Number of protein chains: 2
Amino acid sequence: MRSRAAERTLPPADEHAARFARQREADRSATAEDYVELIADLLREEGEARAVDLARRMGVSQATVTATIGRLQRDGLVETKPYRGLFLTAAGQEMAAIAKARHELVVRFLIAIGLDAETAEEDAEGLEHHASEKALAAFARFLAMREDDAG
Amino acid sequence: MRSRAAERTLPPADEHAARFARQREADRSATAEDYVELIADLLREEGEARAVDLARRMGVSQATVTATIGRLQRDGLVETKPYRGLFLTAAGQEMAAIAKARHELVVRFLIAIGLDAETAEEDAEGLEHHASEKALAAFARFLAMREDDAG
DNA sequence: CACGTAACTTAGCCTAGGCTAAATTTCAGA
DNA sequence: TCTGAAATTTAGCCTAGGCTAAGTTACGTG
């Protein structure tokens, strides 16, 4: 039951602004997380990470990959030499591990609430970058609780 | 078959690329949705939507708001005259209504799985733009089921 | 071993979305 | 009604992330 028509939608302005700022921050780190996660997967499963494969899997041109890799190098996440394969720095490996764990948690959660595996993967790709630690904890609790029930 | 540890993380390349493409698409529309939703809220609760309030609540400069509003006008979502308040076109109102309903569904869902109201609002701001129709339907089912249990 | 093709980089362009500083316009109060 | 402060716009700049086309490099194969 609400009061009258349309009360209480707008939070205090500064709080509101903080939400959007966090949002923009998450958007900024999303690309880096997607790239290092993909590079880690390629290294693990294919033994090497080549720009051409990143381009194919990201659905983006090779030139775009080159530019993005340049930023990731600048930010200390990726190591490479001109015309050679890609590797992760320690920081990059750590980011990839966190991203992967988070990705899998989100996928498992989405499947638990009734999504099919493919849709869960698709949605996780977007949702994983915008779930706070508290939300992820809630997902984990939900999964744990559900396992208890299943016995 | 290839090595054994770490199988089955990478989907087919074209499918993978499609996920990221959807992702980029969602990112593109997120700003528009946030702006029209905020404009609708301001119109409803304050009686008018001024750029200065959008700037304050988005945590962004007025110049940025002016530029963004220009794009929303170009895209047929917002109507305004120079130096005057902002209004939504029919298309803008429709987008705002959808965005608001989706936002509230996500908030209710997050609260249902154990988040406090403030965190739910924060997370919803990011998650609402990246949840597919199927995911939203799953959220709704979850809430409906939960109400049944509560009786 | 050289050579052609595939992979990668470079150059140049674009849009969205940020910023500050400097106009310009509106509007309320003296 | 005039005027100054607040709101808005404009100008100019920046970064991320897209693109294509053209140039370079690496490498497998004949």
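Chain naming here is simple, since letters A, B, ... match the order of the sequence lines and numbering starts at 1 in each. This one's a predicted model, so the numbers in the text were calculated from it and none came from an experiment.
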task = May I ask you to say what B/T68 touches in the nucleic acid, namely base, sugar-phosphate or nothing, with a heavy-atom cut-off under 4.0 Å?
result = nothing
request  = Please check if the side chain of B/Q93 supplies one atom and the backbone of B/L88 the other of a donor-acceptor pair under 3.5 Å.
outcome  = yes
Residue-phosphate contact under 4.0 Å: B/R28 side-chain N/O, C/dA16 OP1/OP2 = no
query = Nearest-Å distance, NZ (B/K81) to P (C/dT24)?
reply = 23 Å
Within 6.0 Å of CD in B/E118, more than 12 heavy atoms from elsewhere = yes
query = Is the closest basic N to carboxylate O distance between B/K100 and B/E104 below 4.0 Å?
reply = yes
ask   = DNA chain D: A/M58 or B/T66, which has the more 5' nearest nucleotide?
value = B/T66
message = Base, sugar-phosphate or nothing for B/V60? Non-hydrogen atoms, less than 4.0 Å.
response = sugar-phosphate
inquiry  = For the residue pair A/D27 / A/H130, report whether a side-chain donor-acceptor contact shorter than 3.5 Å exists.
reply    = yes
ask   = Is B/A51 touching bases, backbone alone, or none of the nucleic acid, heavy atoms closer than 4.0 Å?
value = sugar-phosphate
message = Does D/dG17 have its OP1 or OP2 closer than 4.0 Å to a side-chain nitrogen or oxygen of A/T31?
response = yes
key: Length of the CD-P vector between A/E48 and C/dA6, whole Å   = 16 Å
task = Rounded to the nearest angstrom, tell me the gap between atom CD in B/Q23 and atom P in D/dG17.
result = 13 Å
query = Where each residue is assigned the nucleotide of DNA chain D containing its nearest heavy atom, which of A/A63 and A/Y83 is assigned the position nearer the 5′ end?
reply = A/A63
task = Send over the distance from B/Q62 CD to C/dT25 P, rounded to a whole Å.
result = 16 Å
query = Within this structure, what is the CD1-to-C1' distance between B/I69 and D/dA7, rounded to whole angstrom?
reply = 14 Å
ask   = Can you check the A/L54 CG to C/dT9 P distance for me, whole Å?
value = 11 Å
message = Distance check needed: D/dT9 P versus B/L72 CG, whole Å only.
response = 13 Å
message = Just to be sure I understand the rule, does B/R24 reach a base, reach only the sugar-phosphate, or reach nothing, if contact means heavy atoms closer than 4.0 Å?
response = sugar-phosphate
request  = Between B/S61 and B/R74, just flag the one whose closest nucleotide in DNA chain C comes earlier from the 5' side.
outcome  = B/R74
query = Quick one: does A/S132's side chain have a donor or acceptor within less than 3.5 Å of a partner on B/D123's backbone?
reply = no
task = Starting at atom CG of B/L86, determine the distance to atom C1' of D/dA7, rounded to an integer number of angstrom.
result = 12 Å
